[in-house]
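I have placed the structure first, in the form of structure tokens, so that the comments after it can refer back to it.
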Amino acid sequence: MIARPGGARRMILLALGLGIAIFTSGCPDSQNADDKTIYLSGNGMVKSLDPALAEDEASRNMTAAFYDTLLQYEYTDRRPYQLEPSMLAQMPECSPDRTVYRFTLRDDLYFAPDACFGRNADKAARKITSADVAYSFLRIADAKTASSVFWIFRGKIRGIDRFRSLSGAVRSERERQALYDRGIEGIQILDDLRFLVRLNRPDTGFLYLLAIPYSGIVSRRAVEFYGDKLGEHPVGSGPFVMKKHRKDYSIELAANPEYREEFFVSDGKSRRLPLAKRIVCYTIRQSLSAWLLFLQGKLDLNVLDKDNSDLAANADGTLIPALRDRGIRLVRFPELSVRYLGFNHAEGGVFKHNRKLRQAIALAFDRRRIMEYFNYRMVYAEGAIPPGVAGHDPEFRNPYGQRDLVKARALLAEAGYPGGIDPATGKPLVLTFDQPGDGMVNRQFAEMLGNDLAEIGIEVVPVLNNRARFFEKQRQGTLQLFRLSWTGDYPDAENFLQLFYSGNRDSCNRTGFSDPKFDAMFEKALSLPSGAERTELYRKMNVMLAGELPCIFEGHPVYLQLVHAHLRNYLAHDFAFNYYKYLEVDSERRARAVKNFRPLSMTELSGR
């Protein structure tokens, strides 16, 4: 029997019902009406605050508090997502052939005061210029940096791949600095505030990359001063500066008094950012601890995981009355992410030239049971493109997305496996199913898939791997069925459709799918500007994938966040990496909530 995750529900209900407190040393134990500090719990351990090395989600998002980027996303409810200038005076100008961008920096950008600039250095020594942008981009490409996010520029900016190759061959630090000073063809400095970036070819997603914290602008003097320790000493021009860092425990942020002039309208008022003067972000490893601290008003936000989501929310996404009555708000929205079951399309495998076998398996797969298993923290994926992205058609229904065992058995017979029997052996067709993990969810998912395919006569052999072993097998082409997910780096359908472009078979195209017609459509989309023609082409590509089935599109995870009424301006947004600067707290309301806190009763928690 499959046990749903969230088996700890009874224990959590008991803990909450009895009012058990989880005391975390140093966490806020009281708030008064004068305390305007925002208290948050991070999404994991921050490994580095160096933009070029902040590859994990927790590090990337925290880095955005200290470093600014050329562009950012509008902090609004409007969809699709829109870019806007951040460090730039205006949006970049683009050449007619869409390969040259002209940028103009604002004239009020300064790195935060730091020892790396010297004790008596004046403010002019910290002013950000075009040279800082060029240095920051080249540093990502520098082989010495060993940045895992070089992919954002690889093959895009003219000369940057050659720079990377040369940087790996230099024999001295003097040679390395000379390499930076020479620069590359693709980045031309016009003056202190203006520069050009030349691309190898039109790229629909290039500007989006300049809003990701990886491309945050760093100081050359800070890099040379701190060296490998830059990840512990952020020196940026972002909305906050580091006040205190207790590794693996908490990071305290203070408003940057020299942050560029930027305003945000809320409650009918236009106010300068950042709104909060102080933010404390704790690393709380146990979700139950964070949950209890949130209920007591000692954390202002709380992300719901698979174990406690059904405590707070009903299956239809509404908040339980006990929490709603306390002024708590539930933020629920599909993430720009897709989970999928991949078919290996390597030559010699069973899937590459057998579309009907792939279709039969898709029709046997019970997505409804998966939805229930994950506590409805997912919406069905009808293709590769998530909701909220141009090219997603909310009316489209994948013809192989609903379970139909009669049709599945018929297609299986047409595929050459009547009754699931492999003619080569006279026995049931055996398929291996690999996952990059060996936890309970992985094991139970494998069991569910095995039960589904057993109903059409196919035997599934689950294989649980660590991530390194899984991706090594993927590179070797030895997988058959496997399960992965992809989270968008930017809100363009190209970022998801690239998973099936044959030119990416050595990178993000994990299935190895290759189709000349799809490739031609993909390449045409890259050459088109944003607009109706490109959107329609994306829609057609999505429909094509639904029929060709390089994978089974499982679902888009749903993000669930609880927000106290005293926290203002929090919006559901996939790419608001720098959202900290918009937050503020009604300290009087929070103080009252903390003072009047009482544990929830068992009746309140279990009632719907």
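Quick note: numbers below take in every heavy atom, side chains included, and nothing from hydrogens, waters or symmetry partners.
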Practice item. Could you tell me whether Arg164 sits above the aromatic face of Phe153, with NZ or CZ closer than 6.0 angstrom to the six-membered ring centre and within 45 degrees of the axis? Key: no
**Study point:** Presence of salt bridge, Glu455 and Arg403, under 4.0 angstrom
**Key:** yes
Check your understanding: Just by distance, do the side chain of Asp574 and the backbone of Leu336 share a donor-acceptor pair under 3.5 Å?
Key -> yes
Check your understanding: Does Phe445 have Arg483 sitting over its ring (NZ/CZ under 6.0 Å from centre, angle to axis within 45°)?
Key -> yes
Practice item. Just do the side chain to side chain contact (heavy atoms under 4.5 Å, CB included) check on Phe518 and Ser502 with the steps written out, would you? Key: CA-CA 9 Å; Phe518 180 86; Ser502 64; over 6 Å; no
Check your understanding: Is the side chain of Arg158 donor-acceptor paired with the backbone N or O of Glu185 at a distance under 3.5 Å, no angle test?
Key -> no
Exercise for review: For this output row, return yes or no: ring centroids of Tyr81 and His573 closer than 6.0 angstrom.
Suggested key: yes
Practice item. Would you give the length of the straight line joining atom CG of Leu210 to atom OG of Ser215, rounded to the nearest 0.5 angstrom? Key: 5.5 Å
Point to revise | Glu523, CD atom: more than 12 neighbouring heavy atoms under 6.0 Å | key: yes
Review point. Are Asp492 and Arg534 close enough for a salt bridge, meaning some N to O gap below 4.0 Å?
Key: yes
Review point. Which value, rounded to the nearest 0.5 Å, describes the distance between Phe500 atom CZ and Asp519 atom CG?
Key: 12.5 Å
**Study point:** Residues Arg60, Glu55: salt bridge by 4.0 Å N-O rule
**Key:** no
Review point. Okay, side chain of Asp434, backbone of Leu479: is any donor-acceptor separation there less than 3.5 Å?
Key: no
Practice item. Answer with yes or no after comparing the ring centroid distance for Phe513 and His345 against a 6.0 Å cut-off, counting only values under it. Key: yes
